[in-house]
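These notes are about the structure you will find just below.
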Amino acid sequence: MLSVDFSFIEEFINNEQIKSIHGEIFKAHEKFHGNKVFEAIGWLNLPKEYDKKIIEKIINEAKAIRKNCDIFIIIGVGGSYLGARAAIEFLHSGNYNILENTPKILFIGNNISSDELFEIMQFCKNKRICVNIISKSGTTIEPAIAFGFFKNFLENIHGKDGARERIYCTTDLGSNLEKLAHKMGYKTFIIPKNVGGRYSVLTAAGLLPVAVSGANIKKIIAGALNALNFYSIFGKNLNNCYKYAAVRNLFYRQGKITEIMVGYHPKMHYFTEWWKQLFGESEGKDGKGIFPASAIFSTDLHSIGQYIQQGPKNLFETVINIKKPNHDLIINNSQNDFDNLNYLCGKTVNFVNQKALEATLLAHTNGGVPNIVLNLDSFSEENFGHLVYFFEKACAISACLLGVNPFDQPGVENYKKEMFKLLGKSNF
């Protein structure tokens, strides 16, 4: 269960200020639960409306992939890969491909690096591979280039019939990719049109790769459903999701224009990357928005910690505290106390990590940087699903408070247009 600690903001925002924004929160709430202003809200009730047949199809295909391949290639960019990678590392480890026997899960098509594409294709030689291309349109340039190479790679080895059995397409109904999949006979999963890419982690875009990793996707959905039930109610006392959205907007109005998402475990890295896209694309419009940054402590305390502590006070932190790691280690005495750490004898590594978290909260708050703390007991599937839904809902509400559309990204298209001009594309 997720709990949120707002005690480290009390010097900066009081309850009266939070109450003053209740009316704005209610208007935002009504846009999703009342008159439903937006079309792209398929994610809102997804955890309770999911077709069980689709879940079983995902699970069955994942079992086949685990049995029939050594390497599972995920091709996608932005929301088409960040959610899946965040889940796999949250539930397993950033070292998944070292620790697990099979299949290795590799992510490509999220950049335009010829070196990376070449190296991964070299690594895949003489190995059994399956490919999952994830693209709502099928025309996004980064994954489209990578898919072209791996489609040819598979066809050269297995022929078109053999390749057909190893290619999975996750896309929108009626997209260029869906039409190609239908023509070629590729196994296909449809992303609902009213679910945007950065909100798609709880669709097949995220769930198929996560199921291939061996995680229990039914538990992920159960955790998201739990969150849906908690955060669909507007009352006199704001639920924690709405309160988080309110607080971050109050900070923004105070001139705190940067939010740093902080994790204390390396396996949180891609979760913070997913979070950055979710909030960055949803809020950064019309000259408005809180800049989403991220850090993994204590590592980044040795790089940007000084800036946070004594730099400009235009930022705040949101900390995700996972209280219990999957594994813990007891610290032993060192000979002659050469490292001056014998005072830690008998304590665990996680105990030290928790004290680092507590100390940093005190230091940063005393230094003028407020902190919101999200507490979870463990790295479980249920907790992952709950956390994803919490942030999806909070992001949508927060963007409404800013007065921007949470579901479009017109600025992203600008760089594409300029790139297409330089590449000589005539129609775009």
Side-chain angles (χ1 to χ4, degrees), residues 54-77 80-111 113-135 138 142-171 177-178 180-191 203-217 270:
I54 294 176
I55 296 298
E56 292 303 323
K57 179 183 176 183
I58 291 172
I59 291 170
N60 290 333
E61 292 296 346
K63 288 178 181 178
I65 292 167
R66 286 176 63 84
K67 180 180 178 181
N68 296 324
C69 78
D70 305 309
I71 301 173
F72 188 41
I73 301 290
I74 310 296
I75 302 176
V77 68
S80 293
Y81 96 100
L82 284 171
R85 189 161 191 175
I88 290 168
E89 297 201 3
F90 183 100
L91 298 172
H92 299 286
S93 166
N95 297 317
Y96 171 85
N97 287 328
I98 299 173
L99 300 173
E100 302 293 332
N101 291 326
T102 188
K104 297 184 186 302
I105 299 177
L106 303 180
F107 294 86
I108 63 168
N110 48 68
N111 56 55
S113 168
S114 55
D115 281 342
E116 180 164 287
L117 189 54
F118 175 83
E119 289 161 3
I120 291 180
M121 285 194 295
Q122 289 295 109
F123 182 70
C124 288
K125 284 185 176 180
N126 302 317
K127 296 181 177 71
R128 301 175 303 159
I129 73 167
C130 290
V131 171
N132 181 200
I133 167 72
I134 307 170
S135 176
E142 295 92 341
I145 288 174
F147 180 58
F149 278 97
F150 269 91
K151 178 176 175 292
N152 291 338
F153 183 93
L154 284 171
E155 289 178 353
N156 289 337
I157 296 171
H158 303 286
K160 289 188 176 181
D161 288 340
R164 180 181 298 118
E165 299 302 314
R166 295 180 172 274
I167 294 176
Y168 296 79
C169 298
T170 307
T171 187
L177 180 57
E178 193 268 338
L180 174 69
H182 180 75
K183 177 181 177 181
M184 300 297 294
Y186 301 147
K187 295 181 178 70
T188 306
F189 292 92
I190 299 300
I191 303 170
T203 72
L207 296 180
L208 178 61
V210 174
V212 172
S213 79
N216 188 324
I217 62 172
Y270 269 95

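We use all heavy atoms of the structure for the numbers below, so side chains are in, but hydrogens, waters and symmetry mates are not. For this chain, numbers begin at 1 and follow the sequence in order.
- Within the structure, salt bridge (Lys or Arg N to Asp or Glu O under 4.0 Å) pairs that include any residue of residues 86-105 comprise R85-E89 (at least two apart or interchain).
- Between V131 and F72 the shortest side-chain heavy-atom distance does not fall below 4.5 Å.
- Of all heavy-atom pairs spanning V77 and P143, the tightest one is CG1-CD, 3.8 Å.
- Side-chain atoms of R164 and K187, non-hydrogen and from C-beta on, never get closer than 4.5 Å to each other.
- Contact record, A84 with V210: O-CG2, 4.1 Å, taken as the closest heavy-atom pair.
- Put simply, the residue from R128, K127, K125 that forms a salt bridge (Lys or Arg N to Asp or Glu O under 4.0 Å) with D70 is R128.
- When all heavy atoms are compared, the tightest approach of A205 to I134 is O-CD1, 3.4 Å.
- Defined by atom type and a distance below 3.5 Å, a donor-acceptor pair is present between the side-chain atoms of H92 and S213.
- Panel note: side chain T102, backbone C69; a donor-acceptor pair is recorded below 3.5 Å.
- The OG1 atom of T188 sits 6.5 Å away from the CD atom of E178 when rounded to the nearest 0.5 Å.
- Within a 6.0 Å sphere centred on CG of N126, heavy atoms belonging to other residues, nucleotides or ligands number 12 at most.
- K57 is listed as a side-chain neighbour of F189, based on a closest heavy-atom distance under 4.5 Å.
- Contact check for Y81 versus Y270: side-chain heavy atoms found under the 4.5 Å cut-off.
- Looking at every heavy atom in both residues, P209 comes nearest to I88 through O-CD1, 3.8 Å.
- The number of heavy-atom neighbours closer than 6.0 Å to CZ of F153, taken from other residues, nucleotides and ligands shown, is above 12.
- In terms of heavy atoms, V212 sits closest to P103 at CG1-CG, 3.7 Å.
- Separating the CG atom in L180 from the CD1 atom in I133 is a distance of 10.0 Å, to the nearest 0.5 Å.
- Within the 4.5 Å cutoff, the side chain of E119 has no heavy atoms near those of the F123 side chain.
- Take D115 and apply the side-chain hydrogen bond (donor to acceptor under 3.5 Å, both in side chains) test, not counting sequence neighbours, and it matches no residue.
- Taken to the nearest 0.5 Å, the CG atom of N110 stands 10.5 Å off from the OG atom of S80.
- Rounding to the nearest 0.5 Å gives a distance of 8.0 Å between OG of S135 and CD1 of I191.
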Determine, stepwise, if the pair E116 / N111 fulfils side chain to side chain donor-acceptor pair (under 3.5 Å).
CA-CA 9 Å; E116 180 164 287; N111 56 55; 3.1 Å; yes
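- What you find for A146 and G109 is that their closest heavy atoms are CB-CA, 3.8 Å.
- In this structure, the separation between CD1 on I74 and CG on L208 is 6.5 Å, given to the nearest 0.5 Å.
- How far CD1 of I54 is from OG1 of T203: 9.5 Å, rounded to the nearest 0.5 Å.
- Put simply, the side chain of T170 never gets that close to the backbone of Y168: no donor and acceptor are under 3.5 Å apart.
- Under a 3.5 Å cut-off, the side chain of R166 and the backbone N or O of I129 do form a donor-acceptor pair.
- Listed for the N132 side chain is no donor-acceptor partner under 3.5 Å among the backbone atoms of I75.
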